[in-house]
Asks: 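Sharing a structure, written as structure tokens. Questions coming.
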Amino acid sequence: MSELINNREYRQEILKEVIRELHTGKTVDEVKAKFGKAIEGVSPSEISAMEQELVKEGLPIEEIQNLCDVHAAVFKGSIEEIHHPEEVPGHPIHTLRQENDAIQKHILENINPKLEAFIKEDSPDNINSLIEDINLLWDIDKHYSRKENLIFPYLEKYNITAPPKVMWGVDDEIRALLKEIKLLLKDYRGNKDEVVEKIKHATKQIEEMIFKEESILFPMALETLTEDEWIEIYDESDEIGYAIISPDTEWKLKRVDVDRKEKNNSLKDGYVRFETGILSSEEINQIFNAIPGDMTFIDKDDIVKYFSQDENRIFPRTKAVIGRSVQNCHPPASVHVVEKLLADFKSGKKDSEDFWIKMGDLYVLIRYFAIRDENGEYLGTLEFTQDIAPIRAIEGEKRLLSD
């Protein structure tokens, strides 16, 4: 562990050196070799985490923007991507990539030729044609808005804030450039060189942002967000809209029909008979919800079958989780922990596991129990989460009813 910490501190120092060198006027090409050596073998999210630490130390976002340029340049040359973007049609990342392809194609096949025609002759026809293509390129605002308003909030939930802030700043620069270009063309006064320079600068910025999204943002988001979070992003995408193209395929998720999968023969007329009594389905539901803690149960096939709905849940759940593999309910980076825990339960190596973490004023105890039948066969896993801060604070005795 100390070796890992020291290695991380070493990398942090190298990144600071790179930033200082950029600040003194060195170019991206001059510093990218040093940057590449510092981050060799490191995933995009780990690099972004290091950049985030620099922001916490007080480094201005503008300096991180310069570092982001080096980050992207190194990815172009020497770092092999280890997280491939989602390839399922309809997935938000798949759609964003399709949009990027359409945007690049529009720049290459429409804007660039029209710009060349405008350079040769700034006639009204060439100006109007260029205006039409710039107006279509303005569709990129929807692409950026989905990224900023749907993906960035989830990254920030995982304390990944520096890359979103940097990218949002560049997105706004691109928006401002496109607005300025539209005004220059609509009120054209013979300032051809200015128009050409602005358009070339805007398209270069757009192409660089596309690369940064696909080599940094998308792998980092895929590594961090859970499938439930991608579902929410997908569900809200239509409201914002799409750039140039729209997804032609609905994102179809593989889910298990829990009701059909499990037919409980003991359930009759709304009652369940237990060894020690009988309860109605309404009584069972309210009893579980009254227990002071969050419960989630997954069956022997790792499918989420149930969660309680205490109004003070510590970790929110949505009904969309029912019928899904529990592995898809966790960020990819932590799935190996889930699988190791389940393997120990299924093999009989363990019957329980506890974790405890501090969350602000909460002191959260997270407990996992292997559920087995009377013969010891594994039936599933129960997760029970509780804020134990009030319990830890108990002192003395209480023998009387509260007022």
Side-chain angles (χ1 to χ4, degrees), residues 45 49 52 56 150-161 164 221 223-236 255-256 258 281-300 302-345 350-371 379-395 398 402:
S45 64
Q52 175 68 21
K56 289 181 180 178
L150 300 181
I151 295 178
F152 286 178
Y154 284 112
L155 291 177
E156 289 164 4
K157 187 180 81 171
Y158 293 99
N159 294 319
I160 300 172
T161 58
E223 185 180 76
T224 305
L225 274 57
T226 67
E227 190 175 274
D228 264 356
E229 289 163 341
W230 285 119
I231 290 170
E232 293 195 23
I233 291 169
Y234 171 78
D235 288 341
E236 295 178 21
R255 291 183 178 273
V256 174
V258 173
S281 58
E282 175 65 16
E283 289 168 338
I284 294 170
N285 187 53
Q286 296 307 326
I287 289 171
F288 281 4
N289 288 341
I291 294 173
D294 307 350
M295 292 190 295
T296 302
F297 178 74
I298 63 169
D299 69 9
K300 60 185 177 63
D302 302 344
I303 301 301
V304 181
K305 286 187 65 178
Y306 169 82
F307 65 90
S308 61
Q309 290 183 295
D310 174 56
E311 61 180 12
N312 297 313
R313 279 197 71 94
I314 297 169
F315 299 114
R317 295 273 190 273
T318 65
K319 292 181 181 178
V321 76
I322 301 300
R324 293 186 48 238
S325 165
V326 70
Q327 286 85 350
N328 289 333
C329 301
H330 292 77
S334 65
V335 167
H336 68 285
V337 178
V338 176
E339 292 180 337
K340 176 66 167 61
L341 176 66
L342 295 178
D344 288 345
F345 282 2
K350 291 183 179 179
D351 288 318
S352 65
E353 184 68 78
D354 297 343
F355 303 89
W356 45 94
I357 57 175
K358 290 184 178 180
M359 297 173 57
D361 294 333
L362 306 182
Y363 199 89
V364 181
L365 176 64
I366 309 168
R367 313 194 69 188
Y368 295 91
F369 301 95
I371 306 302
L379 297 176
T381 293
L382 176 69
E383 177 193 74
F384 184 78
T385 304
Q386 184 179 18
D387 175 21
I388 59 171
I391 298 174
R392 295 177 80 234
I394 292 176
E395 294 179 347
K398 180 180 185 293
S402 302

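For clarity, every value in this text was computed on a predicted model and none was experimentally measured.
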Asks: Just by distance, with hydrogens left out, do Glu229 and Tyr158 show a side-chain donor and acceptor under 3.5 Å apart?
Replies: yes
Asks: To the nearest 0.5 angstrom, please state how far the CD1 atom of Ile160 sits from the OG1 atom of Thr224.
Replies: 4.0 Å
Asks: Does atom CG of Asp361 have more than 12 heavy-atom neighbours, drawn from other residues, nucleotides or ligands, at distances under 6.0 Å?
Replies: no
Asks: Check whether any side-chain heavy atom of Met295 sits under 4.5 Å from a side-chain heavy atom of Phe307, and report yes or no.
Replies: no
Asks: About how many Å separate OH of Tyr363 and CD of Gln386, when rounded to the nearest 0.5 Å?
Replies: 13.5 Å
Asks: So, do Phe345 and Asp351 sit near enough that their side-chain heavy atoms are less than 4.5 Å apart?
Replies: no
Asks: Who pairs with Asp302 by salt bridge (charged side-chain N to carboxylate O under 4.0 Å, His left out), at least two apart in sequence or on another chain?
Replies: Lys346
Asks: How far does CZ of Arg392 sit from CG of Leu365, to the nearest 0.5 angstrom?
Replies: 10.5 Å
Asks: Check the pair Asp294 / Arg313 against side-chain contact (heavy atoms from CB on, under 4.5 Å), numbers first and verdict last.
Replies: CA-CA 6 Å; Asp294 307 350; Arg313 279 197 71 94; 3.4 Å; yes
Asks: Decide side-chain contact (heavy atoms from CB on, under 4.5 Å) for Leu225 and Leu155; before the verdict, give the C-alpha distance in whole Å, the side-chain angles of both, and the deciding distance to 0.1 Å.
Replies: CA-CA 7 Å; Leu225 274 57; Leu155 291 177; 3.7 Å; yes
Asks: If you define the side chain from C-beta out and look only at heavy atoms, does anything of Arg367 sit under 4.5 Å from Thr385?
Replies: no
Asks: To the nearest 0.5 Å, tell me how far Thr226 OG1 sits from Ile231 CD1.
Replies: 8.0 Å
Asks: Can you check side-chain contact (heavy atoms from CB on, under 4.5 Å) on Thr381 and Leu342, steps first, answer last?
Replies: CA-CA 8 Å; Thr381 293; Leu342 295 178; 3.5 Å; yes
Asks: Determine whether Phe297 and Glu383 make a side-chain contact, defined as any pair of heavy atoms from C-beta on separated by less than 4.5 Å.
Replies: no
Asks: Under 4.5 Å between any side-chain heavy atoms of Val326 and Val338, yes or no?
Replies: yes
Asks: Cut-off 3.5 Å, no hydrogens considered: what does the side-chain donor-acceptor table look like for residues 284-292, sequence neighbours left out?
Replies:
{"residue": "Gln286", "atom": "NE2", "partner": "Glu282", "partner atom": "OE2", "Å": "3.2"}
{"residue": "Asn289", "atom": "OD1", "partner": "Gln309", "partner atom": "N", "Å": "2.7"}
{"residue": "Asn289", "atom": "ND2", "partner": "Asn285", "partner atom": "O", "Å": "3.4"}

Asks: Does a side-chain heavy-atom distance below 4.5 Å link Ile298 with Leu382?
Replies: no
Asks: Give the C-alpha distance, both sets of side-chain angles, the deciding distance and a yes or no for side-chain contact (heavy atoms from CB on, under 4.5 Å) between Ile233 and Ile151.
Replies: CA-CA 7 Å; Ile233 291 169; Ile151 295 178; 4.0 Å; yes
Asks: Contact between Tyr154 and Trp230 at the side-chain level, heavy atoms closer than 4.5 Å - yes or no?
Replies: no
Asks: Would you give the length of the straight line joining atom OG of Ser352 to atom CZ of Phe384, rounded to the nearest 0.5 angstrom?
Replies: 14.0 Å
Asks: Decide yes or no for Met359 and Ile314: does some side-chain heavy atom of the first lie under 4.5 Å from some side-chain heavy atom of the second?
Replies: yes
Asks: For Gly293 and Ser308, which heavy atoms make the closest approach, and how far apart are they?
Replies: O-OG, 3.8 Å
Asks: Supply the atom-to-atom distance Ile303 CD1 to Ile322 CD1, rounded to the nearest 0.5 angstrom.
Replies: 10.5 Å
Asks: Count the heavy atoms belonging to other residues, nucleotides or ligands that lie under 6.0 Å from NZ of Lys358, then report whether that count exceeds 12.
Replies: no
